[in-house]
Amino acid sequence: MMDDIFDAIQKSAKRIKDVIDTKDVGYSQNENASGETQLELDIKCDMVIEEEFSKVACINTIASEEKEHAETLHSDGRYFIAYDPLDGSSLIDVNLSVGSIFGIYDGDFGAENMVAACYVVYGPRVEMVFAQNRAKLYLLQAGEFEFVKEIRLNEKGKLMAPGGTQQNWESYHKEMIDGFFKEGYRLRYSGGMVPDLHQILLKGGGLFSYPATSDKPNGKLRRLFEVFPFAFVYKIAGGEATNGHEDLMSLGYAHVHDTSPCFFGSKYETTRVKEVYAKNA
Ligand code: AFP
């Protein structure tokens with residue numbers, strides 16, 4: 001059954017790549033549930049995924065970053081999938097990488113029910129990471145996704161991707177990030193969480209953060225579509241995922257569009273985050 005989902009994601013990814021390559025980018029009049037103006041491209045990509053998932057009988061319900069409410073596809077299906085069809089879509093007009101993110105849940109949404117997570121990066125090449133018992137990297141070549149390798153994080157990395165408006169960071173958060181840079185970490189931040197987190201994963205480690213800020217006390221990134229799937233992937237790859245105090249996979253959610261502060265990284269960096277945040281709780 002998971003193979004059918006894996007297959008539907010691959011089909012969606014290939015179609016989304018075509019949409020990105022051919023469709024003109026124009027702003028539609030609609031606002032999505034998070035209050036952002038939707039690009040036509042987002043809507044088109046959302047439709048592609050919904051269409052492919054509709055053909056898979058084991059998918060019960062879908063929740064999309066582009067839809068206000070969850071939608072039931074097959075009421076006797078087993079899996080619930082939350083997805084962000086085109087994360088970082090505002091980066092398309094400046095030709096940076098974007099991605100699709102999928103969280104696959106058994107029986108109902110919620111981190112405790114997550115059984116697999118997947119993301120696709122649309123960059124100079126199209127890559128996919130599918131995490132179930134292991135995190136596996138695939139590359140789209142000549143129309144097919146080919147297995148490349150298993151991904152494992154080192155204990156400590158070299159890259160820092162610090163999200164959020166710095167002016168609105170807590171002072172202890174700023175000191176912590178400055179401290180990492182003083183240790184020799186290098187800045188890598190594009191503003192697309194998929195390529196930013198992908199880079200840290202493939203280069204062995206580091207830290208991606210999107211903290212609570214004075215303007216966004218609950219962070220920006222959405223639990224079901226962004227936070228839980230990447231927390232799952234990072235943990236399977238030997239890293240950690242925390243909100244500073246708790247494991248991200250131990251968090252609940254009340255509404256499908258709920259957000260959370262989040263940190264994803266290798267063990268050395270996430271341990272530091274937990275120490276700093278414990279002192280400043
Ligand atoms: P868009 O889809 O609006 O471009 O947002 C992308 C995103 O949700 C995530 O991919 C980034 O990590 C994050 O926003 C970047 O946010 P900041 O621009 O506030 O750093």
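From a predicted model like this one, the values you see are computed outputs, not experimental measurements. As the structure lists them, so they are numbered: ligands from 1, and atoms in each ligand from 1. Residues take their numbers from the sequence shown, with the count starting at 1.
Ring centroids of F145 and Y138 are separated by 6.0 Å or more, keeping the two rings apart.
Interface of D87 with ligand 1, defined as ligand atoms under 4.0 Å from a residue heavy atom, comprises 8 (O), 9 (C), 10 (O). Close contacts between ligand 1 and L221 involve ligand atoms 8 (O), 9 (C) [criterion: under 4.0 Å to a heavy atom]. Shown in contact with E226 at under 4.0 Å from a heavy atom are these atoms of ligand 1, numbered in order with element: 8 (O). Taking every non-hydrogen atom of Y189 and a distance limit under 4.0 Å, the qualifying atoms of ligand 1 come out as 15 (C), 16 (O), 17 (P), 20 (O). Shown in contact with S89 at under 4.0 Å from a heavy atom are these atoms of ligand 1, numbered in order with element: 2 (O), 4 (O). Proximity to Y210 (heavy-atom distance under 4.0 Å) selects the following atoms of ligand 1: 16 (O), 17 (P), 19 (O), 20 (O). Within ligand 1, the atoms closer than 4.0 Å to a non-hydrogen atom of G164 are 20 (O), numbered from 1 in the order shown.
Checked against a 3.5 angstrom limit, the closest N/O atoms of G163 and ligand 1 fall outside it. Checked by distance only, ligand 1 and M193 come closer than 3.5 Å through their nitrogen or oxygen atoms.
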Verdict with supporting geometry, E150 and R134, salt bridge (charged side-chain N to carboxylate O under 4.0 Å, His left out): CA-CA 7 Å; E150 189 184 326; R134 294 170 179 186; 3.7 Å; yes
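Residue F208 touches ligand 1 through its side chain alone, judged by heavy-atom distances below 4.0 Å. With a heavy-atom cut-off of 4.0 Å, D196 does not touch ligand 1 at all.
Between D247 and K235 there is a salt bridge, since a side-chain N of the basic residue sits under 4.0 Å from a carboxylate O of the acidic one.
Using modelled atom types, no side-chain atom of S266 and backbone atom of Y268 make a donor-acceptor pair closer than 3.5 Å.
Using cut-offs of 30° and 60° on the angle between ring planes, the pair F109 and F80 is perpendicular. Aromatic ring pairs are classed by plane angle as parallel below 30°, tilted from 30° to 60° and perpendicular above 60°; the pair F264 and F208 is tilted. Below 30°, between 30° and 60°, or above 60°: for Y119 and H198 the angle between ring planes is above 60°, a perpendicular geometry.
With distances taken over non-hydrogen atoms, the option nearest atom 18 (O) of ligand 1 out of Q166, K220, E65 is K220.
Judged as a salt bridge (Lys or Arg N to Asp or Glu O under 4.0 Å), and not counting sequence neighbours, the contacts of R272 are E183.
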